[in-house]
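Numbers restart at 1 for each chain; the letters A, B, ... are given by sequence-line order, proteins then strands.
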Protein chains: 2
Amino acid sequence: MSRASERAYNHIRSMILSGELQPGSQIREEALAELCGVSRTPVRDSLRRLEAEMFIRRNDSQRSFVADWSLDDLEDAFQLRAMLEAHAAKRAASRITREQLKRLRLHNAQLKQAIDIPNPDVPKFLDHNRQFHAIIVAAAASERLASMLGQVTEQPVVLRTARQYDAENLRRSHHEHDELLIAFDNRDGEWAAAVMTGHIRRAFHAYAEAHSTDTEIRKSNLAA
Amino acid sequence: MSRASERAYNHIRSMILSGELQPGSQIREEALAELCGVSRTPVRDSLRRLEAEMFIRRNDSQRSFVADWSLDDLEDAFQLRAMLEAHAAKRAASRITREQLKRLRLHNAQLKQAIDIPNPDVPKFLDHNRQFHAIIVAAAASERLASMLGQVTEQPVVLRTARQYDAENLRRSHHEHDELLIAFDNRDGEWAAAVMTGHIRRAFHAYAEAHSTDTEIRKSNLAA
DNA sequence: AATGAGCTTATTGTATACAAATGGCATTCG
DNA sequence: CGAATGCCATTTGTATACAATAAGCTCATT
């Protein structure tokens, strides 16, 4: 996709992920066009794409709204992600190259550095975590699988509460990555898949817990 | 999507599925616009959609081509479909309503009628087969899952060779559907998933066999 | 006061004109 | 003769004007 269109897509997507565009709020093409400094045409392209990725919903009369996910929706997405990414890990185990393994190790080391300090550097952690997972998906060598995973890997709410994860959770992620690496070293697809399943599911529960705590806090603030 | 846009989408999609647009051939927006009797705008929308569904590919410079799938690509798609649809069956087992079960039985009976005659009515079989599977996906009650399955359930080549399947294969499908129904009656998700996995994988191998026979025939024709 | 018809306004859909980019071809230079 | 370069044709990207549609509002009617 070329310049204006891609710019619009990235802009809108990041506005949704950051929460700048509130879940449930209506989206008007012209307003977005102004925000992005382009015409409606590329904005419309972006909206279609974001609709396919379920970041945006449309009502009966084609008006667009920022998707508002329930906890159930999220669990559903995580469940699918766990299944797909376990499948990716299994495929990757028999296809991954030495070079890719090296890069996995590198990112996992960096990711450890980001949490092995008094105040964890969560953005750095998330970045290396993302790249770690991306390498595995690439090693799985299935374009379709990659495209499907793209639909369930980044979720607005999760990203916004990620910084709440405690150091313990981050450390666990690191250790699970380590175990994945051993499974890959042994070319054991079943093992890799099992570790990956647990890894993703734990991530969901960590989110759910952080989220409920967050919700309770907000509720008590309202009550006060 | 409204009239012109939807018309263009259906038109182009069916041209790809039927093979009217040959795999690998370049697609020009304006040519399609004329074919569909609309302007380029709705055609472009459709192309974007079809690209996301991997019916269309784009080269580095944004030119579009009808996707040309290798047998490996197809196997990959079937593998994903087997996994996703097994998951759907598992979820459906605990959620399916009596009404939906009734409709499943109905379609399976109709589908049997389509093959229980001297010359099997393949289009009728395919239609009821499609609806049978659609009901299960609906019963699974996951919008995301449904959307993903939409990406791997209809494949141009497969559809075109479907009429080559012999009666034996069609009968097997019918029996597998029967077994699925029993699994659903028992609310046994694991069983349903297992049957579904086998059902889809057998379908792939039936296709692969029909395809290789077909290829051999074409080759010998060329040689003659 | 509630309801519904008709009008007004907001928003999206489509067509088209123009801009930008790409590919192919011919020509020229090494 | 081969490779590189510049020009032209083709194709896609973007903006904008206009058409269609749906939502909201006013006002009349019961």
- Using only side-chain N and O atoms of A:Gln62, determine if any of them is under 4.0 Å from OP1 or OP2 of C:dG13. yes

- Message: C:dT12, OP1 or OP2 - any side-chain N/O from A:Arg48 closer than 4.0 Å?
- Response: no

- Return the minimal non-hydrogen interatomic distance between B:Arg95 and B:Ala141, and the atom names on each side. CD-CB, 4.3 Å

- Please list residues of residues 28-39 of chain B whose heavy atoms come under 4.0 Å from any atom in DNA chain D, ordered by number; otherwise none. B:Arg28, B:Glu29

- Query: Which pairs, with at least one residue in residues 12-28 of chain A and sequence neighbours excluded, count as a salt bridge (charged side-chain N to carboxylate O under 4.0 Å, His left out)?
  - Reply: A:Arg13-A:Glu154

- Just grab all the salt bridge (charged side-chain N to carboxylate O under 4.0 Å, His left out) pairs involving residues 99-108 of chain A, residues at least two apart or on different chains. A:Arg105-A:Asp185

- Message: In whole Å, I'd like the distance from the CZ atom of A:Phe65 to the P atom of D:dA22.
- Response: 14 Å

- Residue pairs involving residues 59-77 of chain B (criterion salt bridge (charged side-chain N to carboxylate O under 4.0 Å, His left out); sequence neighbours excluded): A:Arg91-B:Asp76

- Message: What verdict does the side-chain contact (heavy atoms from CB on, under 4.5 Å) test give for A:Leu180 and A:Phe132, after you've listed the backbone C-alpha separation in whole Å, the side-chain angles of each residue and the deciding distance to 0.1 Å?
- Response: CA-CA 11 Å; A:Leu180 264 175; A:Phe132 184 93; 4.0 Å; yes

- Separation of atom CZ in B:Arg44 from atom C1' in C:dT14, rounded to whole Å: 13 Å

- Item | B:Arg57 CZ: over 12 foreign heavy atoms closer than 6.0 Å | no

- Item | Spacing between A:Arg58 atom CZ and D:dT21 atom C1', to the nearest angstrom | 14 Å

So which protein nitrogen or oxygen atoms get under 3.5 Å of nucleotides 17-23 of chain C's nitrogens or oxygens?
{"residue": "C:dT22", "atom": "O3'", "partner": "B:Ser61", "partner atom": "OG", "Å": "3.1"}
{"residue": "C:dG23", "atom": "OP1", "partner": "B:Ser61", "partner atom": "OG", "Å": "2.9"}

Identify all side-chain donor-acceptor contacts of residues 30-42 of chain B below 3.5 Å with residues at least two apart in sequence or on another chain.
{"residue": "B:Ser39", "atom": "OG", "partner": "B:Thr41", "partner atom": "N", "Å": "3.3"}
{"residue": "B:Arg40", "atom": "NE", "partner": "B:Glu29", "partner atom": "OE1", "Å": "3.0"}
{"residue": "B:Arg40", "atom": "NH2", "partner": "B:Glu29", "partner atom": "OE1", "Å": "2.9"}

- Query: Can a salt bridge be assigned to the pair A:Arg130 and A:Asp127 using a cut-off of 4.0 Å between side-chain N and carboxylate O?
  - Reply: yes

- Task: Using whole Å, report how far CD of A:Glu51 lies from P of C:dT12.
- Result: 12 Å

- Assess the pair A:His177 and A:His133: is the distance between their ring centroids shorter than 6.0 Å? yes

- When all nucleic acid strands are considered with a 4.0 Å heavy-atom cut-off, which category describes A:Ile27: base, sugar-phosphate, or nothing? sugar-phosphate

- Item | Interatomic distance, A:Glu6 CD vs D:dT12 C1' [rounded to whole Å] | 15 Å

- Report the nucleotide, chosen from C:dT14, C:dG13, D:dA15, that has the shortest atom-to-atom distance to any side-chain atom of A:Pro42. D:dA15

